[in-house]
There are 2 protein chains.
Amino acid sequence: MNVKGNVLVAQGGGPTAVINQSLAGIILEAKKCITINKIYGALRGIRGIVNEDFIDLTYEPADSIEQVAKTPSSALLSTRDKPDKLYCKEIIKVFKEYNIRYFFYIGGNDTADTLNLVKEEAENEKYDLVCIHVPKTIDNDLMLNDHTPGYASAARFVVSAFVGANLDNRALSGIYIGVVMGRNSGFLTAASSYARNFEEDGPHLIYLPEKPFSIRKFIHDVKFVYNKYGRCVIAVSEGLKDKKGNLLVTKETGIEDVDSHGNIQLSGTGALGDYLNLCIKNNLKIKRVRSDTFGYNQRSFFGCVSDVDRNEAREVGKRAVQFAAQGNMSGSVVIQRTGEYSVEYKLVNIDLVAGKTRYMPSKFISADENDVTPDFMTYISPLIGDGFKINYKFKGPRVEKH
Amino acid sequence: MNVKGNVLVAQGGGPTAVINQSLAGIILEAKKCITINKIYGALRGIRGIVNEDFIDLTYEPADSIEQVAKTPSSALLSTRDKPDKLYCKEIIKVFKEYNIRYFFYIGGNDTADTLNLVKEEAENEKYDLVCIHVPKTIDNDLMLNDHTPGYASAARFVVSAFVGANLDNRALSGIYIGVVMGRNSGFLTAASSYARNFEEDGPHLIYLPEKPFSIRKFIHDVKFVYNKYGRCVIAVSEGLKDKKGNLLVTKETGIEDVDSHGNIQLSGTGALGDYLNLCIKNNLKIKRVRSDTFGYNQRSFFGCVSDVDRNEAREVGKRAVQFAAQGNMSGSVVIQRTGEYSVEYKLVNIDLVAGKTRYMPSKFISADENDVTPDFMTYISPLIGDGFKINYKFKGPRVEKH
């Protein structure tokens, strides 16, 4: 790196199953750089910066880093703080005191947005600072990324859940609704499609936040599937909106809980599932209707990691340090797909990612707006990891009735 | 076996992650018995018997059986039907037609109860029939069993969920409530305790259906933990009851959905978690309160299996056939612990298991009634399987503030 100085790394936003892999990648790669003096970890993201709440990771043993890398959630803790001008000034003040010249912030689009504000303040004050955004999100909603670290492991959880839910629903017929995380983008809900092995397997219906949700059409769809298979497994996104763009969960429950980035709380409540459950019971007179809201297990469940995701999460951390060391410029690391299956890593302007949301492209959503397309299956297939080609059917013949 | 004849196997009640291991054990062992002519699988438990809905498993290839054994949920489908006298007569009529002399029914205490009724009708009609109950339940509530197949894998799910929930809650502080299955017995909820590695790890509070639940004490407990750690992770059983024995979930939601065995539906709704969530928000003015209801994932999630559970589930199936072949008498297979860790399998009178519920012994519940005891930890430890001794803490020192 051109400017000698210290490194600070932090984690922001919601945790994932592999966010500590990126952290490990950053620490291990930074340890190799002779121009770096100290490697600091800030606790609770930017809040840990203004509080000078640091741990010294410069001499962290490799086995300890590897141990932490295997655990879900943010080892350096997290925050949803959004800094104002004064907050940013405080951050730069601390950076100056500790001679921090490289700031790696692992997170989603809100975290990138925060990083952008810090970067602008550094530029204002003519303080030499390289800011690198290291991508992470289970929603898979970062612009310019084919997919983001954290997504594939969360998707693996969703697939494992729906493989089970389909078999459970097959054994004791009825309707099953699984509510999946995803504020604006349906990628995680869409992943449920990968749980299907046979034609009659669920989820039979998939509803995404990209398309307006109509209860009338929903009931119609459920009725159709139920008449066909005598059962129905449904995947819905927690971020379902009506045609006016109003969130179903707040519309039906009246509860609004907003974070500092203006995001309404969707998880941590079973309200949407319970509401859809009741709609089916009331309209279709089907007795056995069950809904599960998968909640925080999707991003934190221990031991459910896609190997592709694990490797890529590590790699974005390493690349972040390499980009900083080679180019000495700020940016956001992105993953782009180059083949079936290969990726390349690039550094793009943080502006292009910060505060923006990537949605499911139309070619991934079926014309009926209640399923995904084969294009999506091609997209998701290399990401999930092994072990889902299962067979639950006996080969033995049906016995002719006496 | 003394009486030549055919075998029928069926599955009843809620599925588990390893119920097909028991099925595989029965089929593979029965194939070895030269006195057995045909092996039938009835689809949807006893309903499949009266409907003569059979598949012929006599020549099922071993690799197909092994493939099915690995999948969660009931491969022969299930039922919650409880037969009356006429229903039992129908069953015996079909048994006579197909010369079925050995009936293996895999399930919990309701299934054992059903099997007992069938056995009584056979005795009434002097029809020679060996009825073997093969244990399965995630609730772990069968009498005379140290534990039952299905429990340890469900417990492993709960542990994996709470390892993650604890780390998630550590990263973004607040209150987290996880609602765990378990109608009357707290074994599955208690398993959450195994997620703790360090003193400050959650779940910090565990509430079981064996002890009356008081909202006042609950709020008091949560406040205490929150003041100590700045956060709180809570495991509660879906079957929580007040001191009068009324279920919290029906008391607070007014919804009652009862199955044919008289059991009120507890799962498939987020109502209890949402209710406790609101109680905390209203009483303690803590903003970030989240609740998840783990739901059906606990019994069906694909790929979350304890190896101990898998082996024992297979074994109870094999033993069931061996008991039938050797003793030619009906009974329920039970697992009893003989050492640390070893078990033995016995055949007991179905009466001793049928329709009865085993509760957590008092020595497993803390004096405060909001946690488990070291005795419980000794009990659960050999069952969960490997991989939970994790370390999420960096060794690096805290940096002194400048």
- Task: Go through I65(B), T58(B), D53(B) and name the one with the most non-hydrogen pairs under 4.5 angstrom from chain A.
- Result: D53(B)
- So, the part of I175(A) with a heavy atom under 4.5 Å from chain B: the answer is neither
- Note on the structure: Y176(A) meets the ring-ring contact (aromatic ring centres under 6.0 Å, His included) criterion, sequence neighbours left out, with none
- State plainly whether the residues R398(A) and D56(B) are in salt-bridge range, i.e. N to O under 4.0 Å. no
- The reported gap from CZ in F162(A) to OG in S300(B) (rounded to nearest 0.5 angstrom) is 12.0 Å
- Query: Is it the side chain or the backbone of F301(A) that comes within 4.5 Å of chain B heavy atoms, both, or neither?
  - Reply: both
- F95(A): ring-ring contact (aromatic ring centres under 6.0 Å, His included) partners, not counting sequence neighbours: F103(A)
- Query: If you round to the nearest 0.5 Å, how far is CZ of F294(B) from CG of D292(A)?
  - Reply: 11.0 Å
- Contacting moiety of L57(A), where chain B heavy atoms sit under 4.5 Å: side chain
- Query: What about the rings of F388(B) and F302(A), do their centers lie closer together than 6.0 Å?
  - Reply: yes
- Item | Spacing of N391(B) atom CG and S64(A) atom OG [to the nearest 0.5 Å] | 6.5 Å
- Query: Is it the backbone or the side chain of K38(B) that comes under 4.5 Å from a heavy atom of chain A, or both, or neither?
  - Reply: neither
- Task: Evaluate side chain to side chain contact (heavy atoms under 4.5 Å, CB included) for F394(A) paired with I27(B), printing each intermediate quantity in order.
- Result: CA-CA 12 Å; F394(A) 284 117; I27(B) 300 168; 3.9 Å; yes
- Side chain from CB out, backbone as N, CA, C, O: work out which of these in Y98(B) comes under 4.5 Å of a heavy atom of chain A, or both, or neither. both
- Non-hydrogen atoms of chain A under 4.5 Å away: do they reach the side chain of I177(B), the backbone, both or neither? neither
- Could you tell me which portion of F54(B) (side chain, backbone, both or neither) has an atom closer than 4.5 angstrom to a non-hydrogen atom of chain A? both
- Item | Heavy-atom proximity to chain B below 4.5 Å, by part of S173(A) | both
- Query: Given a strict heavy-atom distance threshold of 4.5 Å, which part of K393(A) is in contact with chain B: side chain, backbone, both, or neither?
  - Reply: backbone
- Task: Would you tell me whether R170(A) and S74(B) have side-chain atoms, one donor and one acceptor, within less than 3.5 Å of each other?
- Result: no
- Task: Measure I19(A) against the heavy atoms of chain B and call it side chain, backbone, both or neither at under 4.5 Å.
- Result: neither
- Item | Portion of E400(A) that has a non-hydrogen atom of chain B nearer than 4.5 angstrom | backbone
- Item | Proximity breakdown for E97(B) and chain A, heavy-atom pairs closer than 4.5 Å | both
